[in-house]
Amino acid sequence: GDFDDATVSGTVVVKNSYGFLPGNEYYKMSFYGWLSLVYVGLALIWLGLSIRWWQELLNIQNCIAGVILLGFLEAFMWYIFYNDWNAQGVRGKTVFICATLLTVVKST
């Protein structure tokens, strides 16, 4: 037949065997997942010590607890971002903005 007037339309979906994340970003998902668990463990230890010594706490110990909380929230938001991107193939803007803001707040 004659293909002079033929049109082709469609989409190309690139998905790896582990999901939609690029190879250089894939390790970050498990890193932030484990980091979240480390922060949970650290928070539980800090909570136990704070309860034990609650009468002698200074304001700096409360600030340390705040940094642990911010670190957990940052790591957990990055894990959600990479997990969502890996599952759906689309980067979530809202989660990315929240994770970036938490990174900046914790760093300053």
Side-chain angles (χ1 to χ4, degrees):
D2 190 14
F3 290 109
D4 290 337
D5 294 325
T7 59
V8 177
S9 64
T11 58
V12 175
V13 177
V14 178
K15 184 176 180 182
N16 297 311
S17 60
Y18 50 80
F20 287 104
L21 277 176
N24 63 339
E25 302 286 343
Y26 180 69
Y27 73 93
K28 293 179 183 178
M29 184 175 65
S30 60
F31 170 76
Y32 283 115
W34 284 109
L35 186 61
S36 296
L37 291 177
V38 168
Y39 271 118
V40 167
L42 188 61
L44 290 175
I45 291 170
W46 192 257
L47 179 66
L49 291 172
S50 296
I51 289 172
R52 168 124 166 72
W53 301 100
W54 70 274
Q55 292 179 334
E56 299 178 25
L57 289 180
L58 301 173
N59 285 334
I60 191 71
Q61 278 90 6
N62 295 330
C63 292
I64 292 170
V67 169
I68 292 171
L69 177 66
L70 283 174
F72 167 72
L73 291 174
E74 174 196 11
F76 189 65
M77 289 301 287
W78 280 117
Y79 175 76
I80 290 173
F81 171 73
Y82 285 114
N83 191 33
D84 188 50
W85 183 10
N86 192 41
Q88 296 182 4
V90 180
R91 296 182 198 182
K93 291 180 184 178
T94 305
V95 178
F96 177 74
I97 290 171
C98 290
T100 304
L101 286 175
L102 283 168
T103 300
V104 171
V105 166
K106 192 186 77 139
S107 299
T108 56

Rounded to the nearest 0.5 Å, what separation is found between the CD1 atom of I97 and the CG atom of L102? 12.0 Å
Y82 side chain reached by E25 side chain, heavy atoms, under 4.5 Å: yes
Closest non-hydrogen atoms of L57 and N62, given as atom of the first, atom of the second and distance, are CD1-OD1, 4.4 Å
Less than 4.5 Å apart, any side-chain heavy atom of L70 and any of V105? yes
Measure across G71 and K106 and return the closest heavy-atom pair with its distance rounded to 0.1 Å. CA-CD, 3.5 Å
Check P22 against Y18 and note the closest heavy-atom contact, atom names and distance. C-OH, 3.8 Å
Surrounding CG of N24 (heavy atoms of other residues, nucleotides or ligands, distance under 6.0 Å), is the total greater than 12? yes
Greater than 12 external heavy atoms within 6.0 Å of F96's CZ: no
Does V90 reach the side chain of W85, with side-chain heavy atoms less than 4.5 Å apart? no
Would the number of heavy atoms belonging to other residues, nucleotides or ligands and lying under 6.0 Å from OH of Y32 be above 12? yes
Are the side chains of Y39 and L73 in touch, meaning some heavy atoms are under 4.5 Å apart? no
Determine whether the side chains of W78 and S36 contain a donor N or O and an acceptor N or O closer than 3.5 Å. no
Step through it carefully: locate the ring centre of Y27, locate the ring centre of F31, and say whether they are under 6.0 Å apart. no
With a 4.5 Å cut-off on side-chain heavy atoms, are M29 and F81 touching? no
What's the shortest heavy-atom distance between V40 and F72, and which atoms? CG2-CE1, 3.5 Å
